[in-house]
Amino acid sequence: MATVGLFSAASDTGAVRYRHDEYVTGELAPPSVDRFHHRHGESGPWERPPFGRTPEEPGAKRERPTGTPAEAPGDTAPRPVASLGEHPFNIPGNGAVETDCELPTFDTDTAAQRAFLNALAPCLTEMWTPALREANLPVETPDVVVTTTDVHTPCGDRGWEQTAMYCGSDHTIYWTARYYSRVEGRESAGPYLGQFAHEFGHALQGMTGIIKAYGRAVQEAGGSETPEGLELSRRNELQATCYGGQALAALRNGGMDDDRVLSALRDAGNRGDEASDTRDHGTTANNRAWARQGFRTNRITRCNTWLAEDSRVS
C-alpha cells in the first residue's frame, strides 16, 4: 500500500491473498540491457535536498502536469524531477543492467535478513545507475533499517506485524523482519528478494522525483482516501512492482539462480487488494501482469503505469 510519506508492500496483517499459480518459465526469459525490487509495502515523498517525455501507446492516458523543480541558469547537477508519466527517466531502450550480486547465505533470523538485504541494496543501486545517470538523475543507495519491533520514522510509525515500507523523507527502507518470517511464515529467500525489489522500486521513485509528484497529485485529488487518490496509489504501487520485475531480470541475467528469482517473481505477482478493504495496491491479476511485464521486457518505458489504461491499474 502506498500513502503520502511512505510506501509499503501491500500486505497489511491479514490482507494477503495467497495464490499458487506457477509462472511458465519458458515465457519469462528476461532481455538484457546493453545501454550502459499478497500486497506490497508502502512509500513516500522525496523532500531531501539535492542528493519528460514518454512515447505514448495507443489509448494511453495523459497525466496532469505536476511541475518540476526550479533550476538555476546553467545548473546541470543531477536532481529529482517531480513528474509522473512525462518523466525524463523514461528513455526508450533503458532498463536495469545485468548485475552479478554476491549475497550471503539466507536465513529467516533477523541477523541473516539484515546481512542479506544490506548486501542486496548496493546491487540494486548498481543495476539502475546507468539509466539514472543518462537521465541526469541522482543516485543514492537507500538506507536499510531491519527491525523486529515497532519503529518510528519520519513518515509515521510502523508496527512489527506490518509489511516493510520505504520512507522518502529519509530515503530509507524499513524492513519488518518478523512480519515476513512469522506472520507470513516465509522460509526461503525468494519472497524476501521479491518484496525488497518492490521496496527498492519505491526508492527508485524517490531518486527520480516521481514520489514527490505523486504526493502533490494526491493532495490535489483531495487525499489518499478519495477515489482519485486511491487510483494514484495503485499506479504508484504497480510501477514499483514493475520496477521490481526489472530488477529480478537484471539479477537473473547476472547469474542468480532461477529457483530464487522465479520464486521472487511468483510472490510479487500473488499479492493484491482482494483480501483488503482498501483498493490502493491493485488486483492480484494486475500485480502479476506488471511484475511479469517488468521482468519480460526490462524496459523503463514499459513500467509507465501513470499513462496506462484504467483497467490495467484497477
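Computed from a predicted structure; not experimentally measured.
In this structure, Gln205 contributes its side chain and Asn236 its backbone to a donor-acceptor pair below 3.5 Å. Listed for the Arg178 side chain is no donor-acceptor partner under 3.5 Å among the backbone atoms of Trp160. In this structure, Thr125 contributes its side chain and Ala121 its backbone to a donor-acceptor pair below 3.5 Å.
Here the straight-line distance linking atom CG of Asn304 with atom CZ of Arg235 works out to 9.5 Å at 0.5 Å rounding. Glu184 CD to Thr108 OG1: the interatomic distance, rounded to the nearest 0.5 Å, is 13.0 Å. From Tyr214, atom OH reaches atom CD of Gln219 across 11.0 Å, with rounding to the nearest 0.5 Å.
By the 4.5 Å heavy-atom criterion applied to side chains, Leu248 and Leu193 are counted as neighbours. Counting only heavy atoms from C-beta outward, the side chains of Leu103 and Met256 approach each other to under 4.5 Å.
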Practice prompt. Begin from the C-alpha positions of Thr172 and Thr153 and carry the test side-chain contact (heavy atoms from CB on, under 4.5 Å) through to its verdict.
Written response: CA-CA 9 Å; Thr172 298; Thr153 83; over 6 Å; no

Discussion item. Assess the residue pair Ser181 and Gln113 against the criterion (side-chain contact (heavy atoms from CB on, under 4.5 Å)); give the C-alpha distance rounded to whole Å, side-chain angles, the decisive distance to 0.1 Å, and a yes or no.
Written reply: CA-CA 10 Å; Ser181 63; Gln113 287 191 49; 4.1 Å; yes

Worksheet entry | Check against side-chain contact (heavy atoms from CB on, under 4.5 Å), Thr283 and Asp273 | CA-CA 5 Å; Thr283 63; Asp273 286 337; 5.9 Å; no

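A donor-acceptor pair shorter than 3.5 Å can be found between the side chains of Arg288 and Asn270. In the model, Thr176 has no side-chain atom that pairs as donor or acceptor with a side-chain atom of Gln162 under 3.5 Å. Side chains of Gln239 and His202: no donor on one and acceptor on the other come within 3.5 Å. Looking at Arg279 and Ser233, their side chains never bring a donor and an acceptor atom within 3.5 Å of each other.
Nearest heavy-atom pair, Asp150 versus Gly159, reported as atom, atom and distance to 0.1 Å: OD1-CA, 3.2 Å.
The aromatic rings of Tyr180 and Trp175 lie parallel to each other, with less than 30° between the two planes, well short of the 60° mark.
For Tyr192 and Phe116, the ring centers are positioned 6.0 Å apart or more.
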